[in-house]
Amino acid sequence: AALGVALGLSFAAQAEMMIGFSQIGSESGWRTSETESIKAEAEKRGIDLKFSDAQQKQENQIKAVRSFIAQGVDGILLAPVVETGWDQVLQEAKDAGIPVVLVDRGVAADESLYLTKVASDFVVEGALAAAWLAAETNGVCDVVELQGTVGSSAANDRKEGFESVVGNFPGISIIRSQSGDFTRSGGKEVMESFLKAEDGGKNICAVYAHNDDMALGAVQAIKEAGLNPGDDILIVSIDAVPDIFKAMADGDTNATIELNPHLGGPSFDAIAAAKEGKEVPKWIKANGPLYLPDTAAEEYKMRSK
Ligand code: GYE
């Protein structure tokens, strides 16, 4: 329901659409689910989806968008790897009369350059993670932060939201913060260096990871350092991928905030609505709840099917 834009369009109206989708890559379990979901939704609606994987590179995304424009697509889905540097290519799409929907991340560009953004409010996600941690630790905790991809809106805003809440608790400090690039291996590697730098982990109360994959990498690093993740060191992360529910059920992590990967439906609806001259909101929000270990086993069962 949070994603629902009641635009009242028939699937038939969308069946002739050709849409380009410039995806970032496959850095996380969440992103793989998103790719699969958007492809499946296009197929269900009879949309001809042109898919392009940018392998984490903005220049590849810019090339993909230009090629979609040249092919005369009806609309473009763009999951922007970083926030800046999009003005020119967005202007080119606009000049060609092709609506662009930003999926799952935002850009630092004038909002007249795109149709809408279908994404969660990352500041709220970060604030929610911090609120949970403050309650769990009675406001006393030395935290290490695993940031997402440098320059991405997801990393910038998840950091900002977390800091905005912990700033109210003099007993909570972020003692280390570094990017693990939203990957499992990146999370593990950075966590290893944090553990080394902080007396083998004894000085660390909690990990705040900008996504579940990095949290799962941190779990491995903490275990290899001879400590108990979820107990000696608390872990809160974001995405709610199936594997994190397994980790929570096993007692290895403590909380996750859900981000719904099914963003294709509202994105396609927005493009179809724009074609019919209807008003589309500039931000279609996709925020989800926080999950705790008490329901993790059940959630894992449902989600890993
Ligand atoms: O949380 C992370 C992914 O942009 C919201 O990117 C997305 C983030 C997601 O790689 O796992």
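This structure is a prediction, so every number in the text was calculated from the model and none was measured. First listed ligand is number 1; within each ligand, the first listed atom is number 1.
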Does a side-chain N-to-carboxylate-O contact under 4.0 Å join [X] and [Y]?
{"X": "R184", "Y": "D243", "result": "yes"}
{"X": "D269", "Y": "R45", "result": "yes"}
{"X": "R158", "Y": "E125", "result": "yes"}

For ligand 1, the residues whose heavy atoms come within less than 4.0 Å (ordered by chain, then number) | E27, S28, W30, R31, D104, R105, F122, R158, F182, N211, D239, L259
Got a donor-acceptor contact below 3.5 angstrom from the K285 side chain to the V118 backbone?
->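 No, K285 side chain to V118 backbone: no donor-acceptor pair under 3.5 Å.
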side-chain hydrogen bond (donor to acceptor under 3.5 Å, both in side chains) contacts in which one or both residues fall within residues 80-90, not counting sequence neighbours = E83-N156, Q88-E92
Pair E145-H210, side-chain donor/acceptor within less than 3.5 Å |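 A donor-acceptor contact under 3.5 Å links the two side chains.
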